[in-house]
Amino acid sequence: MAIIETEATLHEAHRDNHTHRDVNGGWLRPAVFGAMDGLVSNLALMTGVVGGAVSHQTVVITGLAGLAAGAFSMAAGEYTSVASQRELVEAELEVERRELRKHPEDEEGELASLYVSRGVEPALAREVARQLSRDPEQALEIHAREELGIDPSDLPSPLVASVSSFGAFALGALLPVLPFLLGATALWPALLLALVGLFGCGAVVARVTARTWWFSGLRQLALGGAAAGVTYALGTLFGTVVG
């Protein structure tokens with residue numbers, strides 16, 4: 001009895017711990033990319049303008065314009081990209097659905113051959129393929145996973161991708177302009193807030209991936225700081241030349 005209870009406990013522990021995060025939802029990549037892009041691009045844009053020794057009003061307008069333009073551009077790009085990808089996948093699924101309808105026996109044999117190539121005995125592979133092919137939609141899902149590497153029931157949403165990208169970019173781009181909106185006249189408060197935001201974003205991403213939080217945070221901090229430094233130098237140079 002103790003052994004049975006121990007095995008039951010182990011099975012329950014495995015069931016509770018053996019879960020996976022959603023990696024195909026279509027929101028993570030655009031959200032992460034949007035936040036990072038918003039921070040880095042608007043920080044770099046504003047440091048370049050500040051380096052050119054322009055007025056406070058010009059800096060604020062530049063930051064807000066960069067936020068709006070970048071957010072809409074990211075959202076439109078993500079929507080078009082994900083929608084095009086989804087349409088391509090749906091077209092391929094339709095090809096597979098047509099083949100299953102016209103040549104069911106060939107498709108069943110193809111599935112059996114696939115299982116045989118993975119080590120299943122031929123007779124068992126044929127029986128498994130026969131049973132799985134009874135339901136056309138189930139057969140389509142299996143063929144799509146095996147041949148195309150996709151799950152037809154879990155395709156990314158263009159709307160989710162675009163909204164995630166828009167919101168994340170706007171939030172990231174707001175950080176470097178926020179101190180100027182609150183009355184700051186020097187660059188360092190915006191630079192400090194943006195760099196803290198970069199490190200924080202990198203650390204948050206590490207919670208989703210397998211990276212350590214400090215490595216991911218420092219990597220984003222270094223990339224964003226380098227971009228800001230280069231554009232500030234260019235802004236100073238161009239401001240001197242034009243002036």
Side-chain angles (χ1 to χ4, degrees), residues 19-54 56 58-78 81-82 156 160-237 239:
T19 57
H20 297 283
R21 290 166 292 205
D22 178 18
V23 296
N24 294 317
W27 63 270
L28 179 60
R29 185 191 66 83
V32 171
F33 181 61
M36 297 298 183
D37 192 25
L39 263 167
V40 174
S41 63
N42 221 29
L43 174 62
L45 175 65
M46 294 181 65
T47 52
V49 171
V50 171
V54 299
H56 175 270
T58 302
V59 174
V60 172
I61 292 174
T62 299
L64 292 177
L67 185 157
F72 281 109
S73 176
M74 286 287 294
E78 281 295 332
S81 174
V82 175
V160 170
S162 63
V163 171
S164 300
S165 181
F166 181 93
F169 186 99
L171 184 60
L174 179 63
L175 289 183
V177 74
L178 187 60
F180 288 98
L181 289 173
L182 297 177
T185 56
L187 176 62
W188 70 263
L191 184 62
L192 179 62
L193 183 59
L195 292 179
V196 169
L198 281 169
F199 184 86
C201 283
V204 169
V205 170
R207 298 283 297 178
V208 181
T209 64
R211 288 284 188 182
T212 56
W213 64 270
W214 56 267
F215 175 85
S216 184
L218 288 176
R219 179 176 60 184
Q220 293 306 133
L221 182 64
L223 292 173
V230 170
T231 54
Y232 182 82
L234 290 174
T236 302
L237 176 63

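Atoms considered below: every heavy atom in the structure, side chains included; atoms not considered: hydrogens, waters and symmetry mates. None of the values given here were measured: they were computed from a predicted structure.
Residues H56 and F180 share a closest heavy-atom pair of NE2-O, 3.2 Å. Here the closest non-hydrogen pair linking A228 and L191 is CB-CD1, 4.3 Å. L67 approaches N42 most closely through the heavy-atom pair N-OD1, 3.8 Å. The two atoms that bring L198 and M36 nearest to each other are CD2-SD, 4.5 Å, heavy atoms only. Closest approach of A194 to L39, counting heavy atoms only: O-CD2, 3.7 Å. Contact between A31 and A168 at its shortest, heavy atoms only, is O-CB, 3.1 Å.
To the nearest 0.5 Å, atoms CG (L221) and CG (L195) are separated by 5.5 Å. Distance check: L175 CG to L192 CG gives 11.0 Å after rounding to the nearest 0.5 Å.
Side-chain contact between V59 and V54 is present, with at least one heavy-atom pair separated by less than 4.5 Å. Two residues are said to be in side-chain contact when any heavy atoms from C-beta on lie closer than 4.5 Å; Y232 and L187 meet this criterion. For the pair V160 and V163, the minimum side-chain heavy-atom distance is 4.5 Å or more. The closest side-chain heavy-atom distance from Q220 to C201 is not below 4.5 Å.
Under a 3.5 Å cut-off, the side chain of S164 and the backbone N or O of A161 do not form any donor-acceptor pair. The main-chain N or O of D37 is found under 3.5 Å from a side-chain atom of S41 such that the two form a donor-acceptor pair. A donor-acceptor pair under 3.5 Å is absent between the side-chain atoms of S73 and the main chain of A69, judged by distance alone. A donor-acceptor pair is defined here as one N or O able to donate and one able to accept, closer than 3.5 Å; no such pair exists between the side chain of S162 and the backbone of A75.
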### Task
Go through the steps to decide whether L64 and L181 satisfy the test side chain to side chain contact (heavy atoms under 4.5 Å, CB included), and finish with yes or no.
CA-CA 10 Å; L64 292 177; L181 289 173; 4.2 Å; yes

### Task
Show your working on side chain to side chain contact (heavy atoms under 4.5 Å, CB included) between V40 and L223 and close with a plain yes or no.
CA-CA 8 Å; V40 174; L223 292 173; 5.8 Å; no

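Below 30°, between 30° and 60°, or above 60°: for F72 and F166 the angle between ring planes is above 60°, a perpendicular geometry.
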